Number of protein chains: 2
Amino acid sequence: MKIAVDAMGGDFAPHNIVAGVVEALREQNRITRLFLVGDTPRIEAELAKLGPRDPRLEIVHATEIIAMDDPPVQAVRRKKDSSMCRAIDIVKRGDADAILSAGNTGALLTAAHLKLRTLEGVDRPGLACLIPSPDNVFVLMDAGANLEPHPINLVQYAVMGSLYSRQIVGYKKPRVAVFSLGTEEMKGNELTLEAHRLLKLSDLNFVGNIDGHDLFANVADVIVADAFVGNAVLKACESTARLIGRYLKEELKKNPIRILGAFLARGAFNAIKRKADPDEYGGAILLGVNGICIKAHGASSPKAVKNALRIAVECVEGQFNEHIVEEIKKLHDKLQQTKSA
Amino acid sequence: MKIAVDAMGGDFAPHNIVAGVVEALREQNRITRLFLVGDTPRIEAELAKLGPRDPRLEIVHATEIIAMDDPPVQAVRRKKDSSMCRAIDIVKRGDADAILSAGNTGALLTAAHLKLRTLEGVDRPGLACLIPSPDNVFVLMDAGANLEPHPINLVQYAVMGSLYSRQIVGYKKPRVAVFSLGTEEMKGNELTLEAHRLLKLSDLNFVGNIDGHDLFANVADVIVADAFVGNAVLKACESTARLIGRYLKEELKKNPIRILGAFLARGAFNAIKRKADPDEYGGAILLGVNGICIKAHGASSPKAVKNALRIAVECVEGQFNEHIVEEIKKLHDKLQQTKSA
């Protein structure tokens with residue numbers, strides 16, 4: 001399989017991107033070609049530090065870079081020769097199966113949607129994140145792609161998120177829930193109430209509503225929400241974790257006894273950091289477009305890039321998008337039957 | 001001033017409610033009468049444990065209780081003799097200035113909205129929460145009252161939330177922000193983009209968009225959002241804090257060295273718990289209804305009930321609702337001028 005990588009996107013590009021790609025090529029012999037798209041001299045310089053060059057690597061020159069704070073739509077429209085747009089173009093032409101970028105999220109979502117178009121039967125793509133919790137790993141979707149979704153979009157997310165959970169996490173029958181303000185069936189807004197009604201008619205393993213309190217309580221493996229809510233929840237969780245980390249650091253330094261205590265207990269703090277390590281799952285995936293589109297975290301380490309590429313490989317190999325098209329068709333047939341019945 | 005308290009609502013009612021009320025009466029000589037509404041024998045039994053009875057206390061008998069998991073609308077409609085409904089009725093009749101309940105949130109919002117009606121000029125009430133962060137205390141609103149808000153509702157929340165921040169936190173010119181997916185002005189959905197536009201026209205100290213990443217970064221003192229998002233953010237923060245607490249407990253017990261370390265550093269953990277103590281701010285307030293309506297947390301301790309009553313007293317004393325009516329009128333005049341200009 002062939003993969004295109006935006007070498008210039010992300011807070012530590014091109015260094016971390018190139019290093020992650022080189023690590024991934026060592027592990028993944030299923031990748032037959034990897035396009036590193038961006039500023040050739042800078043990519044060459046990074047590669048030179050990393051030993052003999054893998055023959056599967058091919059540098060594709062691009063003169064522009066979409067910055068992390070560029071306005072997405074304008075950036076995609078104007079920076080046609082950006083590393084991100086060029087990488088997506090390779091997939092669009094059919095010369096690669098997947099694209100990975102750690103750059104500007106909005107621009108990636110826009111460019112992928114515009115250039116790759118949606119899969120047959122999918123109305124709008126959605127961004128899916130894998131989130132580790134103590135007793136399960138769940139998919140949260142949409143984390144920021146589709147700002148004014150209709151109920152059917154949420155139902156399609158549920159289908160795509162379930163397939164993703166099966167493919168990547170390995171759950172046989174992922175439990176699907178709608179994110180709402182409470183767990184009771186009648187709680188929600190117009191969007192979630194109608195999505196709830198439709199999901200009950202589907203063949204998915206639908207378990208009802210979930211609210212923020214039960215996020216980590218192992219009650220659902222796929223949680224669907226509109227982009228605004230999904231994005232808010234993700235960022236609120238990150239902010240809270242950072243806040244507690246800051247409090248811990250401050251408080252544990254306040255006197256010599258606490259410093260000693262923190263030193264003795266340091267294994268516990270490191271274990272918790274590992275549990276919440278975002279690098280482990282390597283990023284988010286835009287589901288519903290023609291091609292596998294992975295969004296690695298802006299601050300991705302080489303390890304995060306490597307793991308994100310592993311997800312790309314598994315999706316391509318598992319014919320993930322072909323399964324989405326099949327399952328979305330089944331869903332629509334089922335909903336159609338119920339309507340006419 | 002006179003206050004009505006739902007003695008039967010909450011996870012530890014009537015015990016914690018009655019105990020909190022008794023503590024509050026000791027501190028607050030501005031309360032001239034306090035109605036404890038609920039099952040007389042059970043309230044009497046709690047009071048008997050707490051020493052000589054304060055003469056300002058009056059028990060108002062109610063035969064029913066709205067349970068925490070009762071469907072809100074039906075509960076309010078059917079349980080007319082519930083402690084919650086009866087307590088609100090006292091405010092409705094003008095016999096009390098404020099109502100406090102730690103019971104079913106949805107039922108309280110429904111009953112208060114239906115019975116007390118909105119203040120002049122306010123279209124929809126919103127639930128405001130005070131959230132402590134390292135460098136400021138901010139108001140998040142709406143946390144769950146108004147499920148399908150219009151942009152003007154968010155602008156009215158901003159006015160009411162600002163007044164609340166001035167009244168209770170003491171900020172002179174609270175910074176107001178719209179919760180969105182990113183800090184850039186053009187980021188948002190139809191609701192937030194239009195609210196953003198209107199807020200720029202207002203006289204509030206509007207600082208633009210905030211996203212979940214900056215929640216605790218001291219960039220805003222009043223954050224407005226639709227109920228769904230506000231509720232999701234609050235609960236996601238709580239879930240994350242609980243998750244980290246659980247991880248810490250598990251990891252710090254794993255071997256004797258860590259146990260010793262945790263023991264030496266215990267002061268730090270206790271300090272952090274105190275910083276995030278929800279009892280300190282005693283609950284949320286429903287802004288925009290005729291009467292002060294305080295929702296204490298379901299699991300409120302006596303201290304939380306006491307602090308919630310302190311907020312009620314400060315709002316009544318500060319003629320809080322009168323100020324809301326004035327400021328909302330000014331807002332509408334200003335928006336009208338801009339329109340005709």
Side-chain angles (χ1 to χ4, degrees), chain A residues 69 71 106 133-134 144 147-148 179-182 184 186-190 192 211-217 225-229 231-244 246-248 250-252 254-255 257-269 271-272 275-276, chain B residues 69 71 106 133-134 144 147-148 179-182 184 186-190 192 211-217 225-229 231-244 246-248 250-252 254-255 257-269 271-272 275-276:
Chain A
D69 56 355
S133 106
L147 270 182
E148 310 276 358
F179 193 94
S180 191
L181 294 95
E184 302 87 340
M186 73 284 177
K187 284 209 177 161
N189 56 15
E190 285 171 23
T192 65
D211 76 2
H213 276 146
D214 289 337
L215 215 45
F216 304 110
D226 84 72
F228 208 96
V229 172
N231 192 276
V233 164
L234 267 183
K235 288 180 178 167
C237 291
E238 285 174 22
S239 280
T240 308
R242 238 182 5 245
L243 177 67
I244 297 175
R246 173 180 158 179
Y247 279 148
L248 275 172
E250 286 172 6
E251 289 294 333
L252 288 170
K254 277 212 173 146
N255 64 48
I257 310 234
R258 288 189 190 174
I259 292 172
L260 175 62
F263 177 74
L264 294 175
R266 69 193 182 284
F269 302 121
I272 293 169
K275 277 182 187 168
Chain B
D69 56 354
S133 104
L147 270 181
E148 310 276 358
F179 193 94
S180 191
L181 293 96
E184 300 88 341
M186 74 287 179
K187 283 211 176 163
N189 56 15
E190 286 171 22
T192 65
D211 76 1
H213 276 147
D214 289 336
L215 215 46
F216 303 111
D226 85 71
F228 208 97
V229 172
N231 192 277
V233 164
L234 267 184
K235 288 179 177 169
C237 292
E238 286 173 22
S239 280
T240 307
R242 236 178 12 242
L243 177 67
I244 297 175
R246 173 180 157 180
Y247 278 148
L248 275 171
E250 286 172 5
E251 288 295 333
L252 288 170
K254 277 211 173 147
N255 64 49
I257 309 231
R258 288 190 191 173
I259 292 172
L260 174 61
F263 177 75
L264 295 174
R266 68 193 182 284
F269 301 120
I272 294 169
K275 277 182 187 170

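Please read these numbers as outputs of a predicted model, since none were measured by experiment. Within every chain, numbering begins at 1; the chains are lettered A, B, ... in the order of the sequence lines, protein sequences first and strands thereafter.
Between chain A and the options B/Gly106, B/Ala217, B/Gly261, heavy-atom pairs under 4.5 Å are most frequent for B/Gly261. Residue with the most contacts toward chain A among B/Ile244, B/Ile259, B/Leu260: B/Ile244 (heavy-atom pairs, distance under 4.5 Å). Of the listed residues B/Arg266, B/Glu251, B/His213, the one with more heavy-atom pairs under 4.5 angstrom with chain A than any other is B/His213. When each of B/Asp69, B/Thr192, B/Val233, B/Leu243 is checked for heavy-atom pairs under 4.5 Å with chain A, B/Leu243 comes out on top. Taking A/Ala225, A/Gly188, A/Ala227, A/Gly144 one by one and counting their heavy-atom pairs under 4.5 Å with chain B, the maximum is reached by A/Gly188. Heavy-atom pairs under 4.5 Å with chain B peak, among A/Gly267, A/Ala271, A/Pro71, at A/Gly267. With respect to chain A, the highest number of heavy-atom pairs below 4.5 Å among B/Glu148, B/Lys187, B/Met186, B/Glu184 belongs to B/Glu148.
Atom CZ of residue B/Arg242 and atom OG1 of residue A/Thr240 lie 11.5 Å apart, to the nearest 0.5 angstrom. Atom NZ of B/Lys254 sits about 10.5 Å away from atom CG of B/Leu252, to the nearest 0.5 Å. The CG atom of A/Leu181 lies 5.0 Å from the CZ atom of B/Phe228; values are rounded to the nearest 0.5 Å. For the atom pair A/Arg246 CZ and A/Glu250 CD, the distance stands at 5.0 Å (nearest 0.5 Å).
Nearest heavy atoms, B/Cys237 versus B/Phe216: SG-CZ, 4.0 Å. Between A/Val229 and B/Ala232 the shortest heavy-atom distance is CG1-CB, 4.0 Å. Among all heavy-atom pairs drawn from B/Leu147 and A/Asn189, the shortest one is O-CB, 4.1 Å. The two residues B/Gly212 and B/Phe179 make their nearest non-hydrogen contact at N-CZ, 3.6 Å.
For a residue to count as touching a neighbouring chain, one of its non-hydrogen atoms must lie under 4.5 Å from one of that chain's; by this rule A/Phe269 touches chain B with the side chain only. Residue contact with chain A, scored on non-hydrogen atoms closer than 4.5 Å, involves the backbone of B/Ala262 exclusively. Contacts of A/Leu215 with chain B are made by both backbone and side-chain atoms, with heavy-atom separations under 4.5 Å. Interface residue B/Ile257: backbone and side-chain heavy atoms are both found under 4.5 Å from chain A. Proximity to chain A is limited to the backbone of B/Ser133, based on heavy atoms less than 4.5 angstrom apart. In this structure, the portion of B/Asn231 lying under 4.5 Å from any heavy atom of chain A is its side chain and not its backbone. Residue contact with chain A, scored on non-hydrogen atoms closer than 4.5 Å, involves the backbone of B/Asp214 exclusively. The parts of A/Leu248 that come within reach of chain B are both its backbone and its side chain, each placing non-hydrogen atoms under 4.5 angstrom from that chain.
Residues A/Lys235 and A/Glu238 are not paired through a salt bridge, judged by the lack of any N-O separation under 4.0 Å between the basic side chain and the carboxylate.
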